Novice: 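Here's a structure for you.
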Amino acid sequence: TMRVVEYSIALAEEMGLSPVQIKNIKYGALLHDVGKIEIDTKILNKKGPLTQEEYDIVKLHSEYGANIVKPIFPLKSAIPIIRHHHEHFDGTGYPDGLKGEEIPIEARIIAVVDSFDAMTTDRPYKKAISYDEAVKKLIKNSMTQFDPKAVKAFIRTLKKKGWWDTNE
């Protein structure tokens, strides 16, 4: 989570977001997966592929997270980020099938960063891939899963911050 927060703030700054948007992205990044507390740990920690039924349950975490945060007034601005961080740029994501600019920019940023972090970190169900491979996947999925402007800005951010040595 802390890597997602750090990457998200740096990307938001690179994209020229306002201080208020950056504060919101910090909270959204911290809480984007809070809804997973409602998901059975047997599903979350499963070593093999999920069944369709299990995947459908996991997909509810963004709605659960938005509902958990809803009564906390100071976090109100993070709700759309939490709810929409799995929307895809082409409209095929969840929970609402938002497309392109309909998706809040903060959620588009979290989508790129969270996916990158998931790809480059060992998980119970898969080994991490290299930053080079992850960047290639981000580029490949620009315009479908990811906002291409956010992907380009994230690649610049990785290089500027020294987080990615392109000679891996």
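All values derive from a computational prediction rather than experimental measurement. Every heavy atom of this structure was used, including side-chain atoms; hydrogens, water molecules and symmetry mates were not.
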Novice: Please tell me if the side chains of H61 and I37 come closer than 4.5 Å, counting only heavy atoms from C-beta onward.
Specialist: no
Novice: For the CZ atom of R108 and the NE2 atom of H84, what is their distance to the nearest 0.5 Å?
Specialist: 12.0 Å
Novice: Are any of the side-chain nitrogens in R3 or D114 under 4.0 Å away from the carboxylate oxygens of its partner?
Specialist: no
Novice: To the nearest 0.5 Å, what is the distance between OG1 (T1) and CD (E6)?
Specialist: 13.0 Å
Novice: Step by step, would you call D147 with K152 a salt bridge (Lys or Arg N to Asp or Glu O under 4.0 Å)?
Specialist: CA-CA 9 Å; D147 177 340; K152 286 178 186 172; over 6 Å; no
Novice: Any side-chain heavy atom of L11 sitting closer than 4.5 Å to one from Y7?
Specialist: no
Novice: Tell me every residue that passes side chain to side chain contact (heavy atoms under 4.5 Å, CB included) with Q52, counting only those two or more places apart in sequence or in another chain.
Specialist: Y55, D56
Novice: Hey, are the side chains of W164 and D132 touching, using non-hydrogen atoms and a 4.5 Å cut-off?
Specialist: yes
Novice: Once you round to the nearest 0.5 Å, how far does CG of L158 lie from CG of L138?
Specialist: 8.5 Å
Novice: For F89, give me all partners under ring-ring contact (aromatic ring centres under 6.0 Å, His included), at least two apart in sequence or on another chain.
Specialist: none
Novice: More than 12 heavy atoms of other residues, nucleotides or ligands under 6.0 Å from NZ of K126: is that the case?
Specialist: yes
Novice: Below 4.5 Å, heavy atoms only, C-beta onward: do T144 and N141 meet side chain to side chain?
Specialist: yes
Novice: If you define the side chain from C-beta out and look only at heavy atoms, does anything of Y64 sit under 4.5 Å from I39?
Specialist: yes
Novice: When rounded to the nearest 0.5 angstrom, what distance separates NE2 in H85 from OG in S115?
Specialist: 9.0 Å
Novice: For I110 and S8, work out which heavy atoms get closest and say how close.
Specialist: CD1-OG, 3.3 Å
Novice: Is there a side-chain contact between M119 and E133 (heavy atoms, below 4.5 Å)?
Specialist: no
Novice: Determine which pairs satisfy salt bridge (charged side-chain N to carboxylate O under 4.0 Å, His left out) with at least one residue from residues 12-35, sequence neighbours left out, and list them in order.
Specialist: E14-R156, E14-K160, D33-K36
Novice: Can you tell me how far apart CD1 (I109) and OG1 (T157) are? Round to the nearest 0.5 Å.
Specialist: 9.0 Å
Novice: Please examine the side chains of Q145 and V112, heavy atoms only from C-beta on, and report whether any two atoms are closer than 4.5 Å.
Specialist: no
Novice: Give a yes or no on whether the ring-centroid distance for W163 and Y131 is below 6.0 angstrom.
Specialist: no
Novice: Report all side-chain donor-acceptor pairs from residues 93-101 shorter than 3.5 Å, counting only partners two or more places apart or in another chain.
Specialist:
from: D96; atom 1: OD1; to: R83; atom 2: NH2; distance (Å): 2.9
from: D96; atom 1: OD2; to: R83; atom 2: NE; distance (Å): 2.8
from: D96; atom 1: OD2; to: R83; atom 2: NH2; distance (Å): 3.3

Novice: How many angstroms lie between CD in E106 and CG in L17, if you round to the nearest 0.5 Å?
Specialist: 6.0 Å
Novice: Under 3.5 Å, side-chain donor or acceptor atoms of residues 66-82 against the rest of the protein: list the pairs with distances, not counting sequence neighbours.
Specialist:
from: N67; atom 1: ND2; to: E63; atom 2: O; distance (Å): 3.3

Novice: Is the backbone of P49 close enough, under 3.5 Å, to the side chain of K46 for a donor and an acceptor to pair up by distance?
Specialist: yes
Novice: Using the test side chain to side chain donor-acceptor pair (under 3.5 Å), find all partners of T92 that sit at least two apart in sequence or belong to another chain.
Specialist: H88, D90
